[in-house]
Amino acid sequence: HLSLKRTEPNRTQRWVNFSLMMFLRGKLGRYPPWPGKIVSPPKDLKKPRGKKCFFVKFFGTEDHAWIKVEQLKPYHPHKEDMVKINKGKRFQQAVDAVEEYLKKAKGKESPVKDDSHFHHFLLSQSEKDTGSTSIQAADSTAVNGSITPTDKRIGFLGLGLMGSGIVSNLLKMGHVVTVWNRTAEKCDLFIQEGARLGRTPAEVVSMCDITFSCVSDPKAARDLVLGPSGVLQGIRPGKCYVEMSTVDPETITELSQVITSRGGRFLEAPVSGSQQLSNDGMLVIVAAGDRSVYEDCSSCFQAMGKTSFFLGEAGNAARMMLVLNMVQGSFMATIAEGLTLAQATGQSQQTFLDILCQGQMASTFVDQKCQNILQGNFKPDYYLKHIQKDLRLAISMGDSVNHPTPMAAAANEVYKRAKALDQSDNDMSAVYRAYIH
C-alpha cells in the first residue's frame with residue numbers, strides 16, 4: 001500500500017490528449033466506480049515498469065494511484081449509467097465535485113484546456129481508513145472492465161471468513177442476493193446492505209436461480225445438502241448449485257450426483273485466497289462441472305475474484321485446490337521453521353525477513369505472514385484448522401493414487417501440534433507457535 005500527500009495540478013504538468021474526463025468501471029473491494037483526474041506524480045515516485053499508465057488523483061478523496069491506459073473510459077458518455085448504478089452518498093459527492101470543477105474551468109484560459117482527464121476507480125480501503133489505496137490491486141483487478149450483474153437470483157449459504165467478503169462484493173456489484181447462515185446473527189449486516197434472508201438452505205435454493213455455498217469441511221458440505229431442510233429439498237429442475245468449499249473430490253462427486261439426480265445443475269468452484277483477498281474481490285476461482293453454470297456465474301465470479309479457471313469434469317477443481325493448499329500450508333510451516341531456527345542460532349528474525357523479501361521468494365504472502373508473526377498478531381485470515389484439514393485431505397488424495405507426499409505429511413504433523421496448543425482458530429501463521437512450545 002502506498003499513501004501519498006495530495007498534489008495539486010500546476011502549469012508544468014504533462015497531460016495526455018484524450019477526452020475531457022474519463023471513467024473506468026472496476027470491481028475491487030467495497031466501493032463503486034470513482035472519478036479521478038490525471039496529475040503529475042511526485043518527483044521521487046517512479047512509474048511502474050512496462051506499463052503504459054498515468055498517475056490519477058481521485059475526486060472527493062486524498063487518494064492517488066498509477067492506472068493503466070486501457071482502464072480509462074470517457075466520463076460524459078458513461079456518467080448517466082454510472083450514476084444509476086451507484087447510489088452511494090460519497091460517489092455522488094465525487095461526481096458533484098467533478099461538475100463543480102468543470103463549471104469553474106469552463107471558459108477560462110488554461111494551459112491544459114481540453115487535455116485534463118478523469119477516470120473512475122474502485123477504492124479498496126474501508127470507511128475508517130485515512131487515505132491509502134492499493135497500487136498493486138488497482139492495477140490488477142480492474143482488467144475485467146465493466147460488470148453487468150446477472151438478472152438471476154443469487155443465494156449464498158455460509159457467511160464465514162470467505163463467504164462474508166464474497167457476499168459483500170456480490171451486493172456491491174448489484175446482484176440480488178438471499179443469504180443464510182447457521183448462526184443467523186451473521187446475516188444481519190448483509191440484510192442492512194440489501195440482502196434478503198432465507199430461513200433454511202432449502203428455502204434459499206427454492207427462491208434463487210443459482211445458490212452458492214462456502215462452509216468449513218466435507219461434513220459441513222454434506223450436511224448442508226443432505227440434512228434437514230437442506231439444499232436437496234429445494235432443488236428443482238434447472239436450479240443451480242455451486243459448491244465453493246474446499247473439500248475432497250469424493251464429496252464433490254457425491255454432491256454432484258444427488259443434485260443432478262433431482263434435475264439440478266452442479267458446479268464446484270473452490271477459491272484460492274484469504275479473508276483479506278475475499279474482502280478485496282481478489283480471489284482466484286477454480287471451477288469444474290457444468291460448463292453452462294460456470295458461464296451463468298460469470299458476473300458473480302468477476303465480482304468476487306480477479307480471475308477464474310474452468311477445469312472440466314466435477315472433482316478436478318477439488319483436486320487442484322487441495323494441491324494448491326498443500327503447497328501453501330507446507331510453505332507456511334517452512335517459513336515458521338526458518339524464523340525459529342534463525343532465532344535459535346542467534347540471528348535477527350527481522351533481518352531474516354528483510355533478506356527473504358529481497359530475494360526470489362519475495363511475496364506479499366511472505367511479508368504479511370512474517371510481519372504478523374513478529375508482531376504476535378495471529379488474527380485469522382485463513383484458519384489454521386482449515387489449512388490442516390486441507391493438508392490431511394491432500395495426503396489422503398496422494399495415498400489414493402499411490403503418490404508420495406512426505407513434505408506435506410511432515411507439515412501436517414506440525415499443524416497438528418499447533419492445534420494441540422489451541423491454535424485451531426488462529427491464522428495459519430500460528431503454526432509458528434508449534435516450534436516455540
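Values below: every heavy atom of this structure, side chains too, minus hydrogens, waters and symmetry copies. All residue numbers in this chain count up from 1 along the given sequence.
A409 approaches I395 most closely through the heavy-atom pair CA-CD1, 3.6 Å. The two residues V431 and A418 have their closest heavy-atom pair at CA-CB, 4.1 Å.
Side-chain contact check for H386 and T246: no donor-acceptor pair (N or O, by modelled atom type) lies under 3.5 Å. There is no side-chain donor-acceptor pair under 3.5 Å between Q257 and T253. Of the N and O atoms on the side chains of S206 and R236, not one donor lies less than 3.5 Å from an acceptor on the other residue. N316 and E313 share no side-chain donor-acceptor pair at under 3.5 Å. Side-chain contact check for D354 and Q350: at least one donor-acceptor pair (N or O, by modelled atom type) lies under 3.5 Å. For the 3.5 Å distance criterion, the side chains of T340 and Y432 fail to qualify, holding no donor opposite an acceptor.
Contact of the V179 side chain with the I191 side chain is registered, since non-hydrogen atoms from C-beta on lie closer than 4.5 Å. Inter-residue side-chain proximity for M361 and I335 is flagged as unmet; no heavy-atom pair is nearer than 4.5 Å.
By the 30° and 60° cut-offs, the orientation of the rings of F365 relative to F331 is parallel. Using a 30° and 60° split on the angle between ring planes, Y294 and F310 fall in the tilted class, from 30° to 60°.
A salt bridge links D425 with K385: the distance from a Lys NZ or Arg NE/NH1/NH2 to an Asp or Glu carboxylate oxygen falls below 4.0 Å. The pair R291-E295 counts as a salt bridge, with a side-chain nitrogen and a carboxylate oxygen less than 4.0 angstrom apart.
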